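Since we're looking at a predicted model, the values are computed, not measured.
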Amino acid sequence: MDAILMAGFNPMIVYIPFRRFQRALLYLRLPAALAWMLVLLAGSLPAQAQGPGKYSLEGEWKGPLAVPGGSLPIQLVVTELASGNRFAVLNVVPQRINRIPTTVEQRGDTVLFVAEQVGCRFKGVRTPEGNRLTGIWSQPGYQAALTLEFVPPPVAAAPKSFKFPLPYRVQEVKFANETDKIDFAGTLTIPAGEGPFPAVALLSDWGAQDQDGRYGDYKLLGGLADYLTRRGIAVLRFPDRGVGETGSRTELTSPEDRTRDAQAALQFMRTQPLLDGANLGLLGHGEGGNVALLAAGAPCPRPL
């Protein structure tokens, strides 16, 4: 049975006299809790930097070992650990030697591999190009010259762009605020099944935002719509005035304007056969929450 032993690390412990720590607090004017946090973090992190003269050996080192009657392919696979240590395994496939834990020591250009489990060791000198180790292979009753060539680790394949289809219906829709003569182009997501389903329209915070309510790469409203629709609630989301295909200008929009836009969204949802007209609502973020309250308290506009 293969055994894999990974070398660990000893955490660095930092000792600071309390009086010196107090003086540092006064000088830096840091809150005590924050300063203690910085000290604890500094004391708990492992030393990850490689020491002087240390270089990466990560990858595969392999070469033919001359033996009576032929040769054996020697393979050493090295992994650089985040702690600054190294983990290696020895493979000699014809001898059924697979993944034997091997220690790695490096001093300057000299590298020593020791596989105690099978009594083998290799001591080699790294060439200036860094792609070859030339030295001596030793095992019980036998010793021979050996040169290992470096094979870099394979480049990770690009992540697949495949995505599973969404478990609900997505419709690109249009509706209008007839009072202000403004058209909206939005997205209606409807759960799978016969319906009718309860539904909400999402209202964004203050400022020009698209229907996903983007904050950098984060889609606040888009993520919320996905969450609700997966759980049986249909969701209508649409961009603010002046964003995308929506007319008017965001900076000229008042809370009363947004209230009429929200009521127009409600009126549109009442016309959709898969939505439950008796269970419709508004869900707002930030100022959108205030707009939802205003729309809920205002008289329902009559359809034209």
Could you tell me whether the side chain of D183 reaches within less than 4.5 Å of the side chain of K174, counting heavy atoms only? no
Less than 6.0 angstrom separating the ring centers of F184 and F268, yes or no? no
Given S204, which partner from the list D210, D240, D212 fulfils the side chain to side chain donor-acceptor pair (under 3.5 Å) test? D240
Taking side chain as C-beta onward, heavy atoms only, is F122 less than 4.5 Å from S138? no
What's the separation between atom CZ in R86 and atom OG1 in T102, rounded to the nearest 0.5 Å? 13.5 Å
Would you indicate whether the side-chain heavy atoms of T189 and R237 approach each other to under 4.5 Å? yes
For the side chain of T229 and the backbone of D226, is there at least one donor-acceptor N/O pair under 3.5 Å apart? no
Between G281 and L266, the two heavy atoms sitting closest are O-CD2, 4.0 Å
Measuring only between side-chain heavy atoms, which start at C-beta, is F238 closer than 4.5 Å to L203? yes
Looking only at non-hydrogen atoms, find the nearest pair between A199 and M269 and report the distance. CB-SD, 4.0 Å
Ignoring hydrogens and angles, tell me if any N or O in the side chain of T79 forms a donor-acceptor pair with the backbone of V77 under 3.5 Å. no
For residues L148 and V67: do they belong to one hydrophobic cluster (side chain heavy atoms under 4.5 Å, members Ile, Leu, Val, Met, Phe, Trp, Tyr)? yes
Please evaluate residues L112 and V104 with respect to the criterion side chain to side chain contact (heavy atoms under 4.5 Å, CB included), reporting the C-alpha separation (whole Å), side-chain torsions for both, the decisive distance (0.1 Å), and the verdict. CA-CA 6 Å; L112 174 64; V104 186; over 6 Å; no
Nearest non-hydrogen partners of A225 and V235, listed with the distance: CB-CG1, 3.7 Å
For the pair N91 and I97, evaluate side chain to side chain contact (heavy atoms under 4.5 Å, CB included) and give the outcome as yes or no after the intermediate values. CA-CA 5 Å; N91 298 316; I97 295 176; over 6 Å; no
Could you tell me if R126 sits above the aromatic ring of Y55, with its cationic atom closer than 6.0 Å to the ring centre and no more than 45 degrees from the axis? yes
Is the number of heavy atoms from other residues, nucleotides or ligands under 6.0 Å of R169 CZ greater than 12? yes
About how many Å separate CG of L188 and CZ of F175, when rounded to the nearest 0.5 Å? 10.0 Å
Verify the distance criterion only: is there a donor paired with an acceptor across the side chains of Q211 and T187 at less than 3.5 Å? yes
So does R96 have more than 12 non-hydrogen atoms from other groups sitting under 6.0 Å from CZ? no
Hey, are R258 and E287 close enough for a salt bridge, meaning a charged N less than 4.0 Å from a carboxylate O? yes
Is there a side-chain contact between L282 and V200 (heavy atoms, below 4.5 Å)? no
D180 bridged to R260 by N-O distance under 4.0 Å: yes
In this structure, OH of Y142 is separated from SG of C120 (nearest 0.5 Å) by 12.0 Å
If I compare all heavy atoms of L65 with all of A144, which pair ends up nearest, and what's the gap? CD1-CB, 4.0 Å
Is it the case that over 12 heavy atoms from other parts of the model lie below 6.0 angstrom from the CD atom of E194? no
Can you give me the closest heavy-atom contact between D276 and P198, atom names plus distance? CB-N, 4.1 Å
Would R241 and I182 satisfy side chain to side chain contact (heavy atoms under 4.5 Å, CB included), going step by step from the backbone distance to the final call? CA-CA 8 Å; R241 295 190 184 197; I182 296 177; 3.2 Å; yes
Taking atom CG of L294 and atom OG1 of T259, what is their separation to the nearest 0.5 Å? 4.5 Å
Side chain Q106, main chain G108, donor-acceptor under 3.5 Å: yes
V111 versus V125: any side-chain heavy-atom pair under 4.5 Å? no
In Å, rounded to the nearest 0.5 Å, how long is the span from CD1 of I233 to OH of Y168? 13.0 Å
State whether the side chain of E80 and the backbone N or O of L57 hold a donor-acceptor pair below 3.5 Å, judged by distance alone. yes
Could you go through the side chain to side chain contact (heavy atoms under 4.5 Å, CB included) check for V173 and L236 one step at a time? CA-CA 9 Å; V173 298; L236 172 66; 3.8 Å; yes
Counting heavy atoms not belonging to Q139, are there more than 12 under 6.0 Å from its CD? yes
Do K62 and I74 come within less than 4.5 Å of each other through their side chains, counting heavy atoms only? no
Whether R230 engages the ring of Y227 as a cation-pi pair (distance to the six-membered ring centre under 6.0 angstrom, angle to the ring normal within 45°) should be assessed. no
Given side chains that start at C-beta, do those of L224 and L283 come closer than 4.5 Å, heavy atoms only? yes
Are V114 and L76 joined in one hydrophobic group, where the rule is that I, L, V, M, F, W and Y side chains link up if heavy atoms are under 4.5 Å apart? no
Testing the basics here: between V78 and W61, what is the closest heavy-atom pair and its distance to 0.1 Å? CG2-CD1, 4.0 Å
Please round to the nearest 0.5 Å and tell me the distance separating atom CZ of F113 and atom CG of L90. 10.0 Å
